[in-house]
Amino acid sequence: MTTWTSDEIHRIATADELEVAPLGGDGTRLRPVPIWVVRHDDDLYVRSYKGDDGRWYRAAKASGQGRIQAGGVDRDVTFVAEGDPGLNEQIDAAYRSKYHRYGQDYVETIVSSDARTTTLKLLPR
């Protein structure tokens, strides 16, 4: 199994945004969308600000594959749903810590129950 290098995970985790381009139903990549990304331990996580209504999220969930770009890193990834409540609380904390400067309204949306159900772990391919 491929893993992130320490340089890749650092560069992606410290980038303000990540461009995500999941595969669509026909197998082609969708247009990249900027989203927030956080690190927990040596893993990277993303969520849909719009919950299940996020087009990129629906495509990522359906295909399980896509491409990300952030901090000069450009990688194909596998998206894996993360539903562990305890881990999601820690991911919430990572979002609050990293993005607090954007204001409580934005941060509370990304840690809301609707967004929390869309938590995806990024695995490099």
Side-chain angles (χ1 to χ4, degrees):
M1 180 168 92
T2 304
T3 59
W4 299 108
T5 66
S6 58
D7 180 58
E8 286 174 325
I9 200 164
H10 173 76
R11 289 166 57 191
I12 294 168
T14 57
D16 206 38
E17 292 181 326
L18 173 140
E19 295 276 327
V20 62
L23 297 183
D26 63 357
T28 61
R29 264 188 264 150
L30 300 179
R31 191 176 74 193
V33 175
I35 61 172
W36 288 353
V37 59
V38 294
R39 176 183 185 169
H40 176 67
D41 293 334
D42 286 333
D43 295 314
L44 297 167
Y45 297 91
V46 295
R47 289 179 175 166
S48 172
Y49 185 82
K50 295 181 180 180
D52 287 329
D53 292 335
R55 181 173 184 242
W56 76 264
Y57 170 74
R58 289 191 316 270
K61 186 176 176 184
S63 72
Q65 298 182 35
R67 189 160 191 88
I68 58 102
Q69 294 178 319
V73 177
D74 189 354
R75 291 287 301 263
D76 287 326
V77 295
T78 298
F79 301 104
V80 178
E82 180 53 65
D84 180 280
L87 181 55
N88 265 299
E89 287 179 19
Q90 295 173 21
I91 295 167
D92 289 350
Y95 273 107
R96 286 186 175 106
S97 175
K98 183 175 179 180
Y99 294 107
H100 66 90
R101 70 187 179 282
Y102 287 96
Q104 187 171 347
D105 289 345
Y106 290 109
V107 174
E108 289 307 311
T109 299
I110 204 69
V111 299
S112 71
S113 59
D114 286 344
R116 184 185 255 206
T117 63
T118 67
T119 303
L120 298 173
K121 182 177 180 177
L122 303 177
L123 299 176
R125 289 191 289 127

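This structure is a prediction, so every number in the text was calculated from the model and none was measured.
- Ile110 CD1 to Tyr95 OH: the interatomic distance, rounded to the nearest 0.5 Å, is 5.0 Å.
- The two atoms that bring Lys98 and Ile12 nearest to each other are NZ-O, 4.3 Å, heavy atoms only.
- Here the side chains of Pro124 and Leu122 are not in contact, with every heavy-atom distance at 4.5 Å or above.
- In this structure Arg39 satisfies the side chain to side chain donor-acceptor pair (under 3.5 Å) test together with Asp42, sequence neighbours excluded.
- Residues that satisfy the salt bridge (Lys or Arg N to Asp or Glu O under 4.0 Å) test with Lys121, not counting sequence neighbours, are Asp43.
- Taking each heavy atom of Leu23 and Ser63 in turn, the nearest pair found is O-OG, 3.2 Å.
- The side chain to side chain donor-acceptor pair (under 3.5 Å) test applied to Asn88 returns Arg47, Thr119, not counting sequence neighbours.
- Both Ile91 and Val107 are assigned to one and the same hydrophobic cluster, defined by single-linkage of ILVMFWY side chains at heavy-atom distances under 4.5 Å.
- Evaluation of the side chain to side chain donor-acceptor pair (under 3.5 Å) rule for Glu82 yields no partner, not counting sequence neighbours.
- Between the CD1 atom in Ile35 and the CG atom in Leu18 there is a gap of 5.0 Å [rounded to 0.5 Å].
- Under the 4.5 Å side-chain heavy-atom criterion for grouping Ile, Leu, Val, Met, Phe, Trp and Tyr, Leu30 is not connected to Val46 through any hydrophobic cluster.
- Residue pairs meeting the salt bridge (Lys or Arg N to Asp or Glu O under 4.0 Å) criterion with at least one member in residues 107-116, sequence neighbours excluded: Asp92-Arg116, Arg96-Glu108.
- Taking Asp74 as the reference, Arg67, Gln69 meet the side chain to side chain contact (heavy atoms under 4.5 Å, CB included) condition, with sequence neighbours excluded.
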Item to complete: Apply side chain to side chain contact (heavy atoms under 4.5 Å, CB included) to Tyr106 and Val111, showing your working.
Response: CA-CA 9 Å; Tyr106 290 109; Val111 299; over 6 Å; no
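- Within the structure, the salt bridge (Lys or Arg N to Asp or Glu O under 4.0 Å) test picks out the following pairs touching residues 15-27 (sequence neighbours left out): Asp16-Arg101.
- Put simply, CD on Gln90 and CG on Asp41 are 7.0 Å apart, with the number rounded to the nearest 0.5 Å.
- The distance from atom OG1 of Thr78 to atom CZ of Arg125, rounded to the nearest 0.5 Å, is 5.0 Å.
- By the salt bridge (Lys or Arg N to Asp or Glu O under 4.0 Å) test, Arg11 is found to be paired with Asp7, residues two or more places apart in sequence or in another chain being considered.
- For residues 15-48, every residue pair satisfying the ring pair (Phe, Tyr, Trp, His ring centres under 6.0 Å) rule, not counting sequence neighbours, is listed here: Trp36-Tyr99, Trp36-Tyr102.
- A 6.0 Å sphere centred on CG of Asp84 holds more than 12 heavy atoms belonging to other residues, nucleotides or ligands.
- Contacts of Ala94 classified as side chain to side chain contact (heavy atoms under 4.5 Å, CB included), with partners at least two apart in sequence or in another chain: Val38.
- Ala115 and Thr109 make their closest contact through CB-O, 3.3 Å (heavy atoms, listed as atom of the first residue, atom of the second, distance).
- When every heavy atom of Leu44 is checked against every heavy atom of Ala13, the shortest pair comes out as CD2-CB, 4.1 Å.
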For residues 52-60, run the donor-acceptor check on the side chains, cut-off 3.5 Å, and write out each pair with its distance to 0.1 Å, sequence neighbours left out.
residue	atom	partner	partner atom	Å
Arg58	NH1	Asp53	O	2.7

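- Shown here is Tyr49, whose OH atom has more than 12 heavy atoms of other residues, nucleotides or ligands within 6.0 Å.
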